[in-house]
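If you're wondering where the values come from, they're calculated on a predicted model, not measured in any experiment. The chains referred to below are lettered A, B, ... by the order of the sequence lines, with proteins before strands, and numbering in each begins at 1.
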2 protein chains.
Amino acid sequence: MVIPAPAVAGSGGSAPGSVGDVRRSNLALVLGRIAEFPRGAHPSRAQLAAATGLTKASVSSLVLDLLDAGIIREIGFNPQGRGRPGVGLELNPGRAVMGMEINVDYISAAVVDLAGKVLVREVQERDNRNSVDGPVLAALAVLAARVRGAAGGHGVEVLGGGLAVPGLVDPAAARVLTAPNLGWAGVDLDLGALLPEAPLGVALFNEANAAALAELRHRPDGASDFLFVSGEVGVGGGLVIGSELFTGPGGHAGEVGHIVVDPDGARCSCGGTGCLETVAGQDAIFEAAGIGPVEHSRSAAMAKLLQALDARQPGALAAVERAGRCLGIALASTARVVNIASVVLGGHFAVLEPWLRSPLLESLQKYAPGRYAAGQVSVSAVGESGALLGAAGSVIRSLVEAPHKLLA
Amino acid sequence: MVIPAPAVAGSGGSAPGSVGDVRRSNLALVLGRIAEFPRGAHPSRAQLAAATGLTKASVSSLVLDLLDAGIIREIGFNPQGRGRPGVGLELNPGRAVMGMEINVDYISAAVVDLAGKVLVREVQERDNRNSVDGPVLAALAVLAARVRGAAGGHGVEVLGGGLAVPGLVDPAAARVLTAPNLGWAGVDLDLGALLPEAPLGVALFNEANAAALAELRHRPDGASDFLFVSGEVGVGGGLVIGSELFTGPGGHAGEVGHIVVDPDGARCSCGGTGCLETVAGQDAIFEAAGIGPVEHSRSAAMAKLLQALDARQPGALAAVERAGRCLGIALASTARVVNIASVVLGGHFAVLEPWLRSPLLESLQKYAPGRYAAGQVSVSAVGESGALLGAAGSVIRSLVEAPHKLLA
DNA sequence: CCCATATAGTTCAGGCAATAAACTAAAGCT
DNA sequence: AGCTTTAGTTTATTGCCTGAACTATATGGG
């Protein structure tokens, strides 16, 4: 017998099987064009028809469904010179999603409307090192409820949420496989409790991946292919290819922190040897620079490092320079494996960029000449809140790609 | 104004815009199920309906179109125990495609029917080092015409072809960007001349990528995610993810030969430093093993190396062991970047596998513990003709994925 | 002020493709 | 022979898109 399979997987809406799928696909197509319209400008039905190739009649009908579902709304007029002015359409700012983050030193939550505007945001310091998941999630649930309440005051409805965690995750199972810096391993999260009654639920993300998605949305150059390198205690990465997160067959691609940059190097927490993280991770740099644990506070240590760099202390300079060189080696190899030519530096790599940049570029030139143009090594445009914004943005995006889930 | 775009890109048939696209998609769905059926067994319309989730009526109609186009045919009966027996369906073996290859020491061509059976095959020795493309293509055109004639004698029609070349290619432009071992750079190929009158034309492939696709088709374990490492003069690679070739944004992903495995290593032909190829490429191994150029023949040099290994010559053993260790480093990094956990060794790595295996596994254990199970390092199932078969198979596959191109 | 022109958006008939259910076809079993 | 079971076809229905006609609403010239 044949292995039975559903006609049309709801998986990605990519394989139409019946006529109804055409509708789903076109709803997403139209909504996608509305969503990607530049801020401030609002497309009319006629413009959407031209942009999508659908007829005006089809677009009108599709738009009607989206209006009924409250996903978009009409806003103002759109004079085209002569003739009847079009009616502008935009994502409904009365609907929103929540981004949440658990990190080593804090938890945070923010409400972002469908247009991408941050309405409320709160960061709460909390030491989550070697923590147990239950209490952390409970604290986050309280924070989320408060932030949600504040958003409700704005008259905004929260449809769903995304949670970013610094570790390897299995999004489908809502499971954190390993988050060494939290001390978590194999932890199943009760995400539903974070945002009860939100129709779209809560999705789970790796922190670097979420930050990469935030970069995708906020890059001034509009790049659609790049590697986001997240420098935290560990070194993570998010690989964006064709405006999509590339996660690989197992779901954990882009782990540049564990590329081998020194075959004779130190043992890594991952069990490997000579990984980039052993040279360019925060703790590794602090140690090489001779900066001891500053009252367990990494931000204090980072301040001290910056001071040392400003004072041109040889040890600190050498540590950062070595990190830059090794980052270059890792990026050279990455360029070959996934053929990417653009890098965005995040986390402490963004902070240290003035000192990292030149050894990094030299290293790229030495190990992968011609692969990265100089302008293709840039600094994060979203900064610290990247993971938070990315988690929220990703939920918005999944809504834009599957609007039928919200139709009556 | 809005950037105009076609309603439904013909690009991948993945985004339906109108009802007609549903038909295209379902034609491909049904044909795909027929094509992936195990050899010898032929699905009936009813089985296809069950497998695809479409109704029997729809499948009947779709099958009729495919029969009319000559893409499939009915073959024999398919008793299901009780009840009316089904009519078996298979890809029409009266239609075929041609695989072609240009390599350093030879050119070759083969006709493969849609069912994947090699009908005619011819390899012609030819020294293509530092060659000019024109004469090589002319010789290949003659060879292709002869092979095609022989296939015609079998009563088989050739629909299209694929050409594999050892170098970086731009398939869309039919352009070889660089093929160092042929001495080609920036060469535009007149592929149409190779197979005049073939309705599907001729597609261009990188050799390692084509071989990877052949592996995908012929793997006994049916793996859908692996890295194929092609050991030739250079070290190439083909990355198969989700049963698709992953080419990256620029189209040249999987170049494992230029992963940095020794930051203090030798200069590479690519301009980089310490690339895998400088340690594990054929010439690099020969040189390290103390085997001089044997009358310019690499097969002779390889024979000599195998002799030396059998005789346990320390120099030869050390050279191969180092290649294995460094290959392990490269694969460890690849595992992190694209999260792949399975490797297929091709080219000289397949030949040297008995000596490579243990240093390779040790190296993987050292640099990426837990990433590759021991059984996940295997040897090519298709051997030397991989690129040839892969190029042909890839054309078959593109036909299976877009059968509407052959409908009346 | 009015009418020509231009553009936006809606209405309506037509066509295509899938579905569901009834129907015909062809086997095995008793 | 007749019942049961499975394969495949026929027919009526539904959903969605298309194209063309139609309505709505603006600008601008006489």
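- The nearest whole Å value for the distance from the CG atom in A:N26 to the C1' atom in D:dC16 is 9 Å.
- Distances shown here put every side-chain N or O of B:T55 at or beyond 4.0 Å from the OP1 or OP2 atom of C:dA20.
- No donor-acceptor pair closer than 3.5 Å links the side chain of A:S25 to the backbone N or O of A:D21.
- Rounding to whole angstrom units, CZ of residue B:R23 and P of C:dT19 are separated by 11 Å.
- Annotation: side-chain contact (heavy atoms from CB on, under 4.5 Å) contacts of B:T55 (sequence neighbours excluded): B:A57, B:S58.
- Atom P of nucleotide C:dC16 and atom NE2 of B:H404 are separated by 18 Å, given to the nearest angstrom.
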Point to revise | Protein proximity profile, nucleotides 6-15 of chain C - base contact B, sugar-phosphate-only contact S, no contact -, cut-off 4.0 Å on heavy atoms | key: BBBBBB----
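- Between A:L62 atom CG and D:dG15 atom P there is a gap of 16 Å when expressed in whole angstrom units.
- Proximity of a side-chain donor or acceptor of A:N92 to a complementary backbone N or O of A:G70 within less than 3.5 Å is detected.
- Remark: C1' of D:dT6 and CG of B:L48 are 15 Å apart, rounded to the nearest angstrom.
- If you measure from atom CG of B:D65 to atom P of C:dA17, you get 8 Å, rounded to the nearest angstrom.
- Scanning all heavy atoms of the two residues, the minimum distance from A:F205 to A:A210 falls at CB-CB, 4.1 Å.
- For B:R219, the salt bridge (charged side-chain N to carboxylate O under 4.0 Å, His left out) partners are B:E215, not counting sequence neighbours.
- Under a 3.5 Å cut-off, the side chain of A:D113 and the backbone N or O of A:R95 do not form any donor-acceptor pair.
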